[in-house]
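Computed from a prediction, not measured in an experiment: that's the story for all the values here.
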Amino acid sequence: MAVSEDVTLKSPETPIGTPVWWRDHAPKMALGYSPVRACIQGDDGRDLLPNELRELWGRDNLIVANAALVRTRLFGNRTHREAKHFDVLELFAFVRPAQFCAPSAAGLALAFGFPEPQTPEAQARVLFDVVSSLCDELKSAPLGFRLVAQSGVRLMEKQGWPWAPLLQAVLDQSQIPADYIPPPALDVWTLLEEWEDQPPEGQARAVSLSDEEVGEALDADLARAGLDERRPEQREFAMKAKDIFAPKFMKDQPNMLLAEAGTGVGKTLGYLAPAHAWARKAQGQVWVSTFTKALQKQIYNDTRALFDSANERAEHVVVRKGRENYLCLLNFQERLNGAHSQPEIIMAVLMARWVLYSRDGDILSGDFPTWLPSLLPPTSPAHVFQTLTPQALVDRRGECTYAACPHYRVCFIEKSVRKAKSATLVIANHALVMAQAAYDLRDVARAEMEAELNGEDMAEEHAMPALSRLIFDEGHHVFEAADSAFATRLSGLEAFELRRWIRGNEGRSRRGRGLEARLGDLLSGDDTSKTAMQELVRAAALLPAEGFSQRITVRTQDGGGLDPVGPIEALLVEVYRQIDVRLGEVRVRSRFSQDAEQGGECEAHPCLESVALAAKTAARALAAIEAPLLALVRALEDRLSNGKEDIEPADRIRIEGALRGLERRARMLLPAWRSLLQQLTLGDEPTPEGAQTIDWFSTEVIRGRVVDVCLNRHYVDPSLPLAEYVLKPAHGVLVASATLSDGAKDGETDIFALARQRTGANHLVMGAKAIRVASPFDYASQARLFVMTDVSREDTRSVAAAMQALFIAAKGGALGLFTAIRRLRAVYDQINKPLGEQGLSLYAQHVDPLDVSDLISVFRAEHHSCLLGTDAVRDGVDVPGQALRLIAFDRIPWPRPDTLHRARRQHFGAKLYDDALTRGKLAQAFGRLIRRKDDKGVFVMLDSAAPTRLFSGLPEGVLVQRCTLAEAITAIELFLFPAI
């Protein structure tokens, strides 16, 4: 059966209008909704107030877009009746699996080429058009697609899916062979293509690129992309970027370039063109790394310009992420076995269709519709226990059995890993690059040792690391990525996960076999290994057990925990006690107001005597786990090196896969935890290593409640390990961003001084070159910057009133950014209804039941909507055109004065460091406003105390105007909507 046939379905050219033939299979009424008014369209068209819609909601079936969001807006956490609404998002997910759609009526409309519906009436009408379009697409889809759809419809019809009769009527209109064998609706792994092993790639040739080669490559790429405009800034950037592909001439010194390219330069194609040209000429591989998943997806889309055909692109370009991003087919199968209710089975079929048509199985940030699980009824078991969420379907705990898994040959992760080995361009993220670099060094060291012991030369594939040519896009985030990658964190959850990885799910029925069950057969005949495994399982019983959160965070009258189990839990209870003691001192003298969503913290040293005693006991417990774990590692390593001829290929794969998890925990994780605890027992004097690191304690908070306690160790300067593990082994490194330089130093010494510090360039013998390519945009005419002088940032009502007035003046298309979640929620509560009365929809992070990426996609689709968010929204939003025309900050985004920042502030330059970081945040936010030459945007700072020096990092031509709110509103209206 040709399930791999092309499933590109047609889009309508014109609206289809009122439904005719399918009205017997679906409701005759569609709902359009705004916060203050709803509208029913169909045979019984009328307007509804929110109270009337609440009455109608549980009584009549309706065609709706995103029933879960409407339900939340109507009822919040209150009880309500629930009818079987015909949610068009479910129909979209069935007919267009693995295709993008913003989860709203506007998003559905734009996905089909219809105009954006800007009123509830238009929203309701367009839903009829979308349903008709989807029916036509299914009817005309390729045969293989319809065969699989037929199986899904039949199963979902038995479960009472509202759309099933309509889809069956559609399929009945098309020809399906009468004697066909129906493919499975749920067991879709049987239909997936198996991966194939790739031959090892040889070492890249040492070649350079000429200006002519880069210019020709860029011209060809622009022509494929259909771009007639030739930007001199882009060409200048590409000519400089080619320098990183020159041969390496000094050990531990890559060809490194820091490149700032202003918005509109076209830096993505500016580095992709020379990267692809070099990869073809040198027969090598280039890794492009990003910080946000949104940019990772965008860069992948931009690689279309590099190839003449989609098949050629699929062969040479791969997106790589950590294994925790990919669907685990075994997890999915076992969740299906436990799905019994009608909503669960319906959702399982929709997810199975995505599995079959997904490009690479990336369920967290790929082509999976992240809004899909939110459509489950709130009372369904899958919603209550979160069993069909992306987080529940990935392998987060290292439980993979590799070749022993029945789905190993079709595994998405294995496909991705193998494809990346032979790809020309690998599009990854900073975290994966850091981890890959560490593994590369380990593999090279192991290969050198094995070659020396055997008296042989090292194999060619180990002579050069995989990450020889690296491009860091969003390079201003490399510091944060290194900080996270090279940090140590011991918490109740992480210690519990280690116990679960070793002992399995104790007393639980869901999957999670212990280490002995996963590896026992590989250790057969080796009594030493079996003894080590028994000791390991026994020692792991000292780690936190189920229910640890309540035991360590609920305080008794004397300040202790309820009844900690084992030495790690006892340590965390004492650490929590120290946080309480030290926070009591801080609150008396600190002006910093702690956000309720942020946990408390304190420096680890000097620690309380009770903490030191508990740390000593906990360190012994960890040592008792580490010793047998190391014995298992050595036993498996010996088996690989001594029994090359006797080991079956499948067993070799299992051993190599198991060793990755065993080694990481035995040689990296547990020693790091013990080192952290041993420092607590030594007193105040730090070790030489400790002089480079900072230790502190913190609590983890969810919805205002402490749920975990953590011990943390970070490098004060994480660019040290970044340079050692990532930069020095590489041959060429490009760090690109729109905000690398510090504008405050322009005309003085080195505007890239901070960038050199934070990217690790300062730790290289010859450092890095640097260039700055200015944006081609005319910011003086395209942008305005206002600082309010009459808005009190401490008065939430004043901030809310100001944002409301600004959003209305801009007629939507506005983004409100906050430095604290509690203020965001307070402002949302105050302005949601007033904006709705003006016809403006308001969405908010930490309020609406949508993922950040889905919120941004809805905001992008609705040109008159508004969005409230925090740093995650600022870093992830990419909204070209008039969908974003105003950004308002509630206050200056100073770095949070936590323990880690105080240490870095002292190390990097005190006040100057704070200013530089804040300038970078403001510049990044401002850069979201103007994405095209015809864009207009307004940047508003509601903090009247904002120093002018913090805006010096903004593009040339942007003037700071301090004025009252009324004056700003008048100026904004004239600027954005000049009188004709």
Side-chain angles (χ1 to χ4, degrees), residues 11-75 80-95 101-137 162-163 165-167 169-170 375 812 836-841 843 858 861-865:
S11 297
E13 297 180 357
T14 57
I16 295 174
T18 305
V20 179
W21 68 268
W22 54 264
R23 60 190 305 159
D24 293 334
H25 305 287
K28 300 176 178 59
M29 298 185 295
L31 173 69
Y33 175 77
S34 75
V36 295
R37 187 172 67 88
C39 178
I40 297 292
Q41 289 288 304
D43 292 349
D44 184 22
R46 64 186 188 277
D47 286 348
L48 295 171
L49 294 174
N51 286 337
E52 294 175 299
L53 180 57
R54 290 187 187 99
E55 284 295 318
L56 181 67
W57 185 259
R59 189 175 68 240
D60 297 336
N61 293 337
L62 298 169
I63 294 177
V64 299
N66 203 334
L69 181 60
V70 176
R71 182 195 306 122
T72 301
R73 293 291 180 89
L74 286 175
F75 300 101
H80 58 277
R81 297 187 301 271
E82 187 67 34
K84 289 185 178 179
H85 294 298
F86 286 62
D87 196 328
V88 184
L89 288 178
E90 293 184 15
L91 186 64
F92 182 93
F94 186 92
V95 178
C101 166
S104 68
L108 286 163
L110 295 177
F112 286 89
F114 297 128
E116 177 197 345
Q118 298 184 1
T119 65
E121 293 87 350
Q123 292 176 16
R125 285 194 299 268
V126 83
L127 293 183
F128 287 130
D129 297 335
V130 170
V131 172
S132 294
S133 300
L134 287 168
C135 290
D136 282 356
E137 287 189 358
W163 290 111
L166 170 60
L167 292 184
V170 173
L375 303 183
E837 292 171 347
Q838 297 293 321
L840 306 178
S841 298
Y843 300 95
V858 171
E862 301 179 9
H863 289 184
H864 296 282
S865 64

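- Between Ala124 and Gly32, the closest heavy-atom pair is CB-N, 3.6 Å.
- Residue Val88 forms a side-chain contact (heavy atoms from CB on, under 4.5 Å) with just one option from Asn66, Leu108, Val64, and that option is Leu108.
- Looking only at side-chain heavy atoms (C-beta outward), Asn61 and Pro162 stay at 4.5 Å or farther from each other.
- Under the ring-ring contact (aromatic ring centres under 6.0 Å, His included) criterion, Tyr33 pairs with no residue at all, not counting sequence neighbours.
- The two residues Cys135 and Val170 make their nearest non-hydrogen contact at O-CG1, 3.4 Å.
- Counting only distance, with no hydrogens or angles, the side chain of Trp163 and the backbone of Asp87 share a donor-acceptor pair below 3.5 Å.
- Side chain of Ser132 to backbone of Asp129: no donor-acceptor contact under 3.5 angstrom is found.
- Applying the side-chain hydrogen bond (donor to acceptor under 3.5 Å, both in side chains) rule to Gln123 yields no partners; only residues at least two apart in sequence or on another chain are considered.
- Taking CD1 of Ile40 as the reference point, atom CZ of Arg46 lies at 6.0 Å (rounded to 0.5 Å).
- Shown here for Val126 and Ala109, the closest heavy-atom pair between the two residues is CG2-CB, 3.7 Å.
- Taking each heavy atom of Phe86 and Ala26 in turn, the nearest pair found is CE2-CA, 3.9 Å.
- At least one donor-acceptor pair closer than 3.5 Å links the side chain of Glu52 to the backbone N or O of Leu49.
- In this structure, Arg54 contributes its side chain and Phe75 its backbone to no donor-acceptor pair below 3.5 Å.
- With rounding to the nearest 0.5 angstrom, the CZ atom of Phe128 is 10.0 Å from the NZ atom of Lys28.
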message = Under the criterion side-chain contact (heavy atoms from CB on, under 4.5 Å), I'd like the reasoning laid out for His864 against Ser841: C-alpha separation, chi angles, the key distance, then a yes or no.
response = CA-CA 7 Å; His864 296 282; Ser841 298; over 6 Å; no
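- Atom CG of Asp47 and atom CD of Gln41 lie 8.5 Å apart (nearest 0.5 Å).
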task = Carefully, step by step, assess Val858 and Leu69 under the rule side-chain contact (heavy atoms from CB on, under 4.5 Å).
result = CA-CA 12 Å; Val858 171; Leu69 181 60; over 6 Å; no
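- For the atom pair CZ (Phe92) and SG (Cys101), the distance works out to 4.5 Å, reported to the nearest 0.5 Å.
- Not counting sequence neighbours, the partners of Glu121 by the side-chain hydrogen bond (donor to acceptor under 3.5 Å, both in side chains) test are Arg37, Thr119.
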request  = For the pair Trp57 and Leu31, evaluate side-chain contact (heavy atoms from CB on, under 4.5 Å) and give the outcome as yes or no after the intermediate values.
outcome  = CA-CA 10 Å; Trp57 185 259; Leu31 173 69; 4.1 Å; yes
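- Counting all heavy atoms, side chain and backbone alike, Gly836 lies closest to Val36 at O-CG2, 3.2 Å.
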task = Begin from the C-alpha positions of Phe112 and Leu134 and carry the test side-chain contact (heavy atoms from CB on, under 4.5 Å) through to its verdict.
result = CA-CA 9 Å; Phe112 286 89; Leu134 287 168; 3.3 Å; yes
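- Nearest heavy-atom pair across Glu90 and Leu375 is CG-CD1, 3.8 Å.
- With values rounded to the nearest 0.5 angstrom, Glu116 atom CD is found 8.5 Å from Ser104 atom OG.
- For the atom pair CG of Leu48 and SG of Cys39, the computed distance is 7.5 Å after rounding to the nearest 0.5 Å.
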